[in-house]
Q: 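One structure, as structure tokens, below. Some questions next.
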Amino acid sequence: MKSISLHPNPIFERKGWESLNGEWDFGFSKKAVKNYRFLSEQAALELCRQSVFEHKINVPFCVESELSGIGYTDFLNSVWYKRTVNISPNGNRVFLHIGAADYKTTVILNAKIVGSHKGGFTPMCFDITEYAVDGENELFILCEDNTRDSLIAGGKQSDRKKSYACSYTRTTGIWQSVYIEYVPFDYVENFRLTPSLKHKNITLELDLCGKGKLEINAYLDEKNVVSSCIEEASGFVIVQLPISEVKAWEPGNATIHDLEINFGDDKVRSYFGLRDIALEDYKFMLNGKSVFQRTVLDQGFYRRGIYTAENDEELKRDITLSMALGFNGARLHQKVFDPRFLYFCDLMGYMVWGEYASWGIDYSNPRAVDIFLSEWREALGRDYNHPALIGWGRFNDTWDY
């Protein structure tokens, strides 16, 4: 890697993005109820029109945190955000990204409903092109949550007013980065990369919107080790590409290859690590060698930001402390961690197990299956390409079901 990326999601990076983190107008309702029902679109619009914004909040820190500037820790069902956003499309699509917000998020731009998303731990992307005007735009975001609802995954967020046992301060609303992105009308929607050290290749599965020339290049220490071109590509594309020079990604010794995907005018920057994972005779095999996993249980809570680290140094500190004590990885417990945390795990050769925040879900309720699987698939899709992520735990300690 040439330099440390500043992008909120470095494994899928474009140059044309602008951060919306920082000060927003903010309001919330203190009248929390156990049987809260999510608002309809019309009710959300009415709230947008009539809302009172008594506070300022520092996004992406949740209202319960010290770093938000508010620090209100009682139960909340609804919080809302507003700010003016300057948008200059210049012939591009405009996407609004929210890394994570707990639990149901509704986006309203210029008094029009853009869309909504359910799931407190997974990213959302809204195409706001048709709702945006060139210049100033009024962006309103409503987040609704009910930690005590048995169909909502809350992870280790406390279902009592205060923390107790191994349940801690709640997180309501936005808790990961918000940014807008300018994207050509023909663009790479997503890609999935599977490395093979044994076969000295990578397999790329790409979802393309539109049609155009597809070019794929990878570099090791600025030397080109992969080069491929498809003159007219569209839809779903699978390519398997040989690597001319091979170096393995290993714990504590992470070799990272830079990846460039150009589709027409769309330019995506990413990276990958070459490593093979297998289980043989109850042994975990990494790159054909048995590796003992000396891992910690990482809760992903921060003293001043709760779910959100104050900065990159706080993200990296948990990794460096663990490695200094002789550990080579972590189980990321009951939370889908910030993509930048996984980025540093990739760079530092720190193995991690992913997990969805399944606590709070009543597994005996058939409706919970669809809700959980939908959200868990989003987490899998977001994090599949990270070389540091070497396994997933679907549930946590579900002895009673």
Side-chain angles (χ1 to χ4, degrees), residues 1-21 59-60 95-100 121-125 174-183 187-195 202 204 206-207 216-222 225-226 247 249 254-263 266-275 298 300 305 307-320 329-330 332 335-352 354 378-390:
M1 304 291 286
K2 300 180 185 66
S3 59
I4 296 298
S5 169
L6 300 178
H7 195 274
N9 186 21
I11 209 157
F12 196 108
E13 177 177 352
R14 295 182 175 96
K15 287 185 177 180
W17 69 281
E18 295 176 12
S19 175
L20 297 185
N21 291 344
V59 170
F95 291 155
L96 172 70
H97 292 267
I98 303 173
F121 299 87
T122 49
M124 59 206 84
C125 175
I174 296 169
W175 64 274
Q176 285 187 23
S177 288
V178 182
Y179 60 101
I180 57 172
E181 186 179 42
Y182 297 103
V183 180
Y187 67 99
V188 179
E189 183 177 11
N190 199 9
F191 75 90
R192 175 181 165 113
L193 187 148
T194 304
I202 56 171
L204 273 172
L206 303 105
D207 294 306
I216 300 165
N217 288 281
Y219 302 88
L220 178 61
D221 299 327
E222 300 188 8
V225 293
V226 169
K247 268 190 175 182
W249 185 97
T255 297
I256 295 295
H257 296 68
D258 293 294
L259 178 67
E260 296 179 356
I261 303 172
N262 296 333
F263 178 57
D266 191 22
K267 302 181 186 300
V268 174
R269 299 294 175 264
S270 186
Y271 62 89
F272 62 91
L274 272 177
R275 51 102 175 109
D298 194 330
Y307 260 6
T308 311
E310 184 170 0
N311 49 40
D312 280 352
E313 292 310 308
E314 191 169 34
L315 283 177
K316 290 187 287 187
R317 186 171 181 267
D318 282 351
I319 304 170
T320 55
L332 307 182
K335 177 189 172 188
V336 180
F337 279 52
D338 191 296
R340 289 193 64 79
F341 179 84
L342 295 180
Y343 171 58
F344 291 121
C345 292
D346 295 336
L347 297 187
M348 298 166 74
Y350 188 68
M351 297 183 295
V352 292
E378 288 182 354
L380 288 170
R382 192 200 77 172
D383 293 341
Y384 180 86
N385 295 334
H386 286 280
L389 207 155
I390 50 88

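All residue numbers refer to positions in the sequence shown, counting from 1.
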Q: Would you mind reporting whether Glu260 and Arg269 have side-chain heavy atoms less than 4.5 Å apart?
A: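 Heavy-atom side-chain distance check passes, below 4.5 Å.
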Q: If you measure from CZ on Phe95 to CE on Met124, what distance do you get to the nearest 0.5 Å?
A: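 Separation between the atoms: 15.5 Å.
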Q: Quick one: pull up CG in Asp258 and CG in Asp221 and give me the separation to the nearest 0.5 Å.
A: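 Result: 9.0 Å between the selected atoms.
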Q: For a ring pair (Phe, Tyr, Trp, His ring centres under 6.0 Å) check, start with the C-alpha distance between Phe263 and Phe191, then their side-chain angles and the critical distance, and finish with the verdict.
A: CA-CA 12 Å; Phe263 178 57; Phe191 75 90; over 10 Å; no
Q: So, using salt bridge (Lys or Arg N to Asp or Glu O under 4.0 Å) as the criterion, who are the partners of Arg192 when residues are at least two apart?
A: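 Per chain and number, Arg192 pairs via salt bridge (Lys or Arg N to Asp or Glu O under 4.0 Å) with Glu205.
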Q: Can you name the nearest heavy-atom pair linking Asn385 to Leu193, along with the distance?
A: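 What the structure gives for the nearest pair is OD1-N, 2.7 Å.
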Q: Tell me, do Leu389 and Leu332 make a side-chain contact under 4.5 Å, heavy atoms counted?
A: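 No - every pair of side-chain heavy atoms lies 4.5 Å or more apart.
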Q: How far does NE2 of His257 sit from CG of Asn217, to the nearest 0.5 angstrom?
A: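 With rounding to 0.5 Å, NE2 (His257) is 13.5 Å from CG (Asn217).
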Q: Is a side-chain donor or acceptor of Ser270 paired with a backbone partner of Ile11 at a separation under 3.5 angstrom?
A: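 Pair found, side chain donor or acceptor close to backbone of Ile11.
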Q: Are Ser5 and Glu13 packed together at the side-chain level, in the sense that at least one heavy-atom pair is separated by less than 4.5 angstrom?
A: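 Of all side-chain heavy-atom pairs linking Glu13 with Ser5, at least one is under 4.5 Å.
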Q: Restricting to non-hydrogen atoms, name the atom on Ala379 and the atom on Thr122 that form the minimum distance, rounded to 0.1 Å.
A: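 Distance-wise, the nearest heavy atoms are N-CG2, 3.6 Å.
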Q: Could you tell me if the side chain of Leu259 sits less than 4.5 Å from the side chain of Val226, heavy atoms only?
A: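 No, too far: nothing below the 4.5 Å cut-off.
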Q: So which atom in Asn262 and which in Val268 form the shortest heavy-atom distance, rounded to 0.1 Å?
A: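 Where Asn262 meets Val268 most closely, the heavy atoms are OD1-N, 4.4 Å.
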Q: On a heavy-atom basis, which atom in Pro8 and which in Arg340 lie closest, and how many Å separate them?
A: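 Nearest pair, atom of Pro8 first, then Arg340: O-CG, 3.5 Å.
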Q: Is the shortest distance from a Lys or Arg side-chain nitrogen in Glu314 or Arg317 to a carboxylate oxygen in the other one below 4.0 Å?
A: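 Looking at Glu314 and Arg317, the cut-off is not met.
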Q: Under 3.5 Å, is there a donor-acceptor pair between the side chain of Lys247 and the main chain of Thr255?
A: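 Side chain of Lys247 to backbone of Thr255: no pair is present.
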Q: Val352 versus Leu342: any side-chain heavy-atom pair under 4.5 Å?
A: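 In contact.
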Q: Looking only at heavy atoms, what is the nearest atom pair of Tyr350 and Asp318, with distance?
A: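 So the minimum-distance heavy-atom pair works out to OH-O, 4.5 Å.
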Q: Does the side chain of Ile4 come within less than 4.5 Å of Phe344's, by heavy atoms?
A: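 Yes, side chains in contact.
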Q: Between Asp298 and Phe337, is there a side-chain heavy-atom distance shorter than 4.5 Å?
A: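 Yes, their side chains come closer than 4.5 Å.
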Q: Give me the atom names and distance for the closest heavy-atom approach of Pro387 to Tyr271.
A: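 That closest heavy-atom pairing would be CD-CE1, 4.3 Å.
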Q: Looking at residues at least two apart in the chain, or sitting in another chain, which of them share a salt bridge (Lys or Arg N to Asp or Glu O under 4.0 Å) with Asp266?
A: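 For Asp266 the salt bridge (Lys or Arg N to Asp or Glu O under 4.0 Å) partners, ignoring immediate neighbours, are Arg14.
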Q: Measure the NZ-NZ distance between Lys15 and Lys267 for me, rounded to the nearest 0.5 Å.
A: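 Answer rounded to 0.5 Å: 8.5 Å.
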Q: Is there a donor-acceptor contact under 3.5 Å from the side chain of Asp346 to the main chain of Ala388?
A: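 Judged by distance alone, yes, a pair lies under 3.5 Å.
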Q: Measure the shortest side-chain to side-chain distance between Pro339 and Gln176 over non-hydrogen atoms and say whether it is less than 4.5 angstrom.
A: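 Pro339 vs Gln176: side chains touch.
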Q: Where do His7 and Tyr179 land on the ring pair (Phe, Tyr, Trp, His ring centres under 6.0 Å) test, with the steps shown first?
A: CA-CA 10 Å; His7 195 274; Tyr179 60 101; 5.3 Å; yes
